[in-house]
Undergrad: 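Below is one structure. I have some questions about it.
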Amino acid sequence: MAAQTVASTTNTVTSPDSANTVDLGPAAALSCRECGHRVPLGPLFACEECFGPLEIAYDFSAYETEDLRKRIEAGPANIWRYAPLLPVPADVAEKPNINPGWTKLVQADNLARELGVTPGKLFVKDDSGNPTHSFKDRVVAQAIEAARAFNFTTLSCSSTGNLAGAVGAAAARAGFRSCVFIPHDLEQGKIVMAAVYGGELVGIEGNYDDVNRFCSELIGDPAGEGWGFVNVNLRPYYAEGSKTLAYEICEQLGWQLPDQLVIPIASGSQLTKIDKGLQELIKLGLVEDKPYKIFGAQAEGCSPVSVAYKAGHDVVRPQKPNTIAKSLAIGNPADGPYVLDIARRTGGAVEDVDDEQVVEAIKLLAQTEGIFAETAGGVTVGVAKKLIENGLLDPTLTTVVLNTGDGLKTLDAVASDTGLTATIRPNLDSFREAGLAS
Ligand SMILES: *Cc1c(COP(=O)(O)O)cnc(C)c1O
Ligand SMILES: [Zn+2]
């Protein structure tokens with residue numbers, strides 16, 4: 001593939017070596033989602049014409065459908081099987097990285113029975129199986145290739161917890177310094193999981209939106225020079241990692257689109273890019289073109305997109321988050337308006353559940369399918385249940401519900417609801433007295 005030349009830019013973001021040649025595979029340029037203005041690949045995220053978000057524009061013209069399908073199927077059992085569709089160099093699979101993806105698509109017949117879904121039609125895409133136990137490994141894996149291409153030496157991010165861990169792990173393996181920023185009051189599991197990889201972990205006195213604002217300030221300051229913020233100045237590259245969820249779901253269904261997907265919303269990036277991934281598969285001829293519906297899921301305590309959806313608004317009014325679903329607690333979601341577009345265009349919806357319903361849903365998934373989800377998974381399962389009850393989700397159609405994180409990171413959410421059935425002395429009498437005998 002032809003290498004792309006990055007021209008020096010007048011953008012405020014400084015890359016140590018922004019006039020170098022970069023090879024990010026099929027990625028051809030950055031293009032503005034709002035006005036279509038194109039600029040060469042670089043560590044940029046906002047359009048110089050209209051401040052709209054920049055996205056990766058690809059050149060897929062050389063691909064022939066059957067060849068591409070065979071190439072993917074012969075690839076490794078991780079996200080790099082889709083390297084021809086991602087902004088990464090062709091030899092990415094040989095570089096040191098944590099190789100996420102190819103997580104299980106679980107046919108959830110027991111859960112289906114509980115929810116009144118036709119047997120065989122309900123699936124859980126279980127992304128807790130990634131190296132740092134959340135879907136964030138997918139997006140960081142893309143950002144780190146961009147960081148290499150732009151010669152950044154420090155990896156950073158603003159995080160609600162999972163991203164901090166994913167950046168820490170990927171940086172450790174790839175040999176970058178990492179320094180990440182989180183709200184200081186996150187769950188203990190998230191803090192430990194982010195700190196153990198040895199990078200710097202900074203708690204900010206404030207919520208995620210304060211952390212994000214601080215990071216934007218740091219990017220424009222000499223104090224942050226040479227830093228690649230995976231979800232800020234590397235965001236166009238980072239975001240593409242979520243497409244791999246769409247690719248995997250379709251390939252695991254035998255190269256078919258599901259009819260309905262239930263996807264959690266924090267900033268809305270994941271949902272937006274899953275839609276982009278599905279559209280690409282259709283255009284490339286890898287799946288048959290048919291309608292699908294995308295449903296967004298939020299926690300009531302942080303539901304700016306759901307509130308806007310229900311009110312019929314196009315703009316998303318920011319909220320101050322207050323929910324146990326901290327990984328989704330972004331009160332001012334950058335991609336909120338695009339989520340509204342996609343839910344409406346595909347005939348889906350955006351719905352929310354309260355914290356009690358989140359806990360109930362975590363337990364329901366665990367007790368039916370043996371999958372222990374973090375709070376974000378409680379949100380999607382809870383919302384799926386609610387959407388079936390209110391008739392918006394068709395229980396006879398193929399439905400994929402995402403679980404994007406591991407319950408071990410949010411033990412507190414269910415700790416008060418679970419525990420020992422009994423404590424007994426080590427003898428049979430005591431066992432019988434406790435009423436446990438068959
Ligand atoms: C980050 C995250 C998401 C989705 O985030 P977006 O900002 O909407 O892309 C979903 N689930 C979990 C567990 C996460 O950590
Ligand atoms: Zn623009």
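Note that the structure is predicted; figures quoted are calculated from it, not measured. Values reported hereafter were calculated over all heavy atoms of this structure, with side chains retained and with hydrogens, waters and symmetry mates removed. Read the numbers this way: they start at 1 and go in the same order the structure lists the ligands and their atoms.
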Undergrad: Under 2.8 Å from the Zn ion (ligand 2), is there an N/O/S atom belonging to His37?
TA: no
Undergrad: Under 4.0 Å from a heavy atom of Gly268: give me the atoms of ligand 1 that qualify, with their elements.
TA: 6 (P), 7 (O), 8 (O)
Undergrad: Going through the distances and angles, do Leu68 and Leu85 end up as a side chain to side chain contact (heavy atoms under 4.5 Å, CB included)?
TA: CA-CA 10 Å; Leu68 181 59; Leu85 305 177; 4.2 Å; yes
Undergrad: Leu328 heavy atoms, cut-off 4.0 Å: which ligand 1 atoms fall inside?
TA: 3 (C), 10 (C), 11 (N)
Undergrad: Quick one: look up the protein heavy atom nearest atom 2 (C) of ligand 1 and list residue, atom name and how far away it is.
TA: Lys136 NZ, 2.3 Å
Undergrad: Looking at Tyr338, is Arg33 sitting on its ring face, NZ or CZ under 6.0 Å from the six-membered ring centre and within 45 degrees of the normal?
TA: yes
Undergrad: Could you tell me the residue and atom name of the protein heavy atom closest to atom 5 (O) of ligand 1, and the distance to it rounded to 0.1 Å?
TA: Ala266 CB, 3.3 Å
Undergrad: Should Phe123 and Val106 count as side-chain neighbours, where that means a heavy-atom distance under 4.5 Å?
TA: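 A side-chain contact under 4.5 Å is absent here.
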Undergrad: With heavy-atom distances below 4.5 Å as the criterion, would you say the side chains of Leu261 and Leu278 are in contact?
TA: yes
Undergrad: Using heavy atoms and a threshold below 4.0 Å, how should the contact between Asp335 and ligand 1 be classified: side chain, backbone, both, or neither?
TA: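 Neither; no heavy atom under 4.0 Å.
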Undergrad: Can you list the ligand 1 atoms lying under 4.0 Å from a non-hydrogen atom of Ala376?
TA: 11 (N), 13 (C)
Undergrad: Which is it for Thr404 and ligand 1 at heavy atoms under 4.0 Å: side chain, backbone, both or neither?
TA: both
Undergrad: Determine whether Lys121 and Pro395 make a side-chain contact, defined as any pair of heavy atoms from C-beta on separated by less than 4.5 Å.
TA: no
Undergrad: Report the relative orientation of the aromatic rings in Phe60 and Tyr58; use parallel for angles under 30°, tilted for 30 to 60°, perpendicular for over 60°.
TA: parallel
Undergrad: So do Ile274 and Lys243 actually touch side chain to side chain, heavy atoms under 4.5 Å?
TA: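 No, side chains not in contact.
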Undergrad: Considering the heavy atoms of Asn162, write down every atom of ligand 1 situated less than 4.0 Å from one of them.
TA: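 Selected atoms, number and element: 13 (C), 14 (C), 15 (O).
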Undergrad: Apply side chain to side chain contact (heavy atoms under 4.5 Å, CB included) to residues Cys215 and Phe181 and explain how you reach the verdict.
TA: CA-CA 8 Å; Cys215 286; Phe181 302 93; 3.7 Å; yes
Undergrad: Quick check on contacts: which atoms of ligand 1 are under 4.0 angstrom from a heavy atom of Ser327?
TA: 13 (C), 15 (O)
Undergrad: Taking only heavy atoms of Ser269 into account, list the atoms of ligand 1 that are under 4.0 Å away from them.
TA: 6 (P), 8 (O), 9 (O)
Undergrad: Before signing off on this row, confirm whether Glu374 and ligand 1 have an N or O atom pair separated by under 3.5 Å.
TA: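 N/O-N/O distance below 3.5 Å does not exist for this pair.
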Undergrad: At what distance is the nearest protein heavy atom to atom 4 (C) of ligand 1, and which residue and atom is it?
TA: Phe135 CE2, 3.7 Å
Undergrad: Show which atoms of ligand 1 fall inside a sub-4.0 Å distance from at least one heavy-atom site of Pro264.
TA: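 Counting from 1, the qualifying ligand atoms are 10 (C).
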Undergrad: Decide whether Asp127 and Asn130 meet the rule of one side-chain donor and one side-chain acceptor closer than 3.5 Å.
TA: yes
Undergrad: Which protein non-hydrogen atom lies closest to atom 7 (O) of ligand 1, naming both residue and atom, and how far is it?
TA: Ser267 OG, 2.5 Å
Undergrad: What part of Ser134 sits under 4.0 Å from ligand 1 if we count only heavy atoms: the side chain, the backbone, both or neither?
TA: neither
Undergrad: About how large, to 10 degrees, is the angle SG of Cys35, then the Zn ion (ligand 2), then SG of Cys47?
TA: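 Here the angle at the metal atom is close to 110°, to 10°.
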Undergrad: Hydrogens and angles aside, do Ser128 and Asp406 bring a side-chain donor and acceptor to less than 3.5 Å of each other?
TA: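 Absent: no donor and acceptor within the cut-off.
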Undergrad: Considering heavy atoms of the protein only, find what lies nearest to atom 9 (O) of ligand 1 and give residue, atom and distance to 0.1 Å.
TA: Gln270 N, 2.8 Å
Undergrad: Are Lys125 and Asn403 close enough that a side-chain donor and a side-chain acceptor fall under 3.5 Å?
TA: no
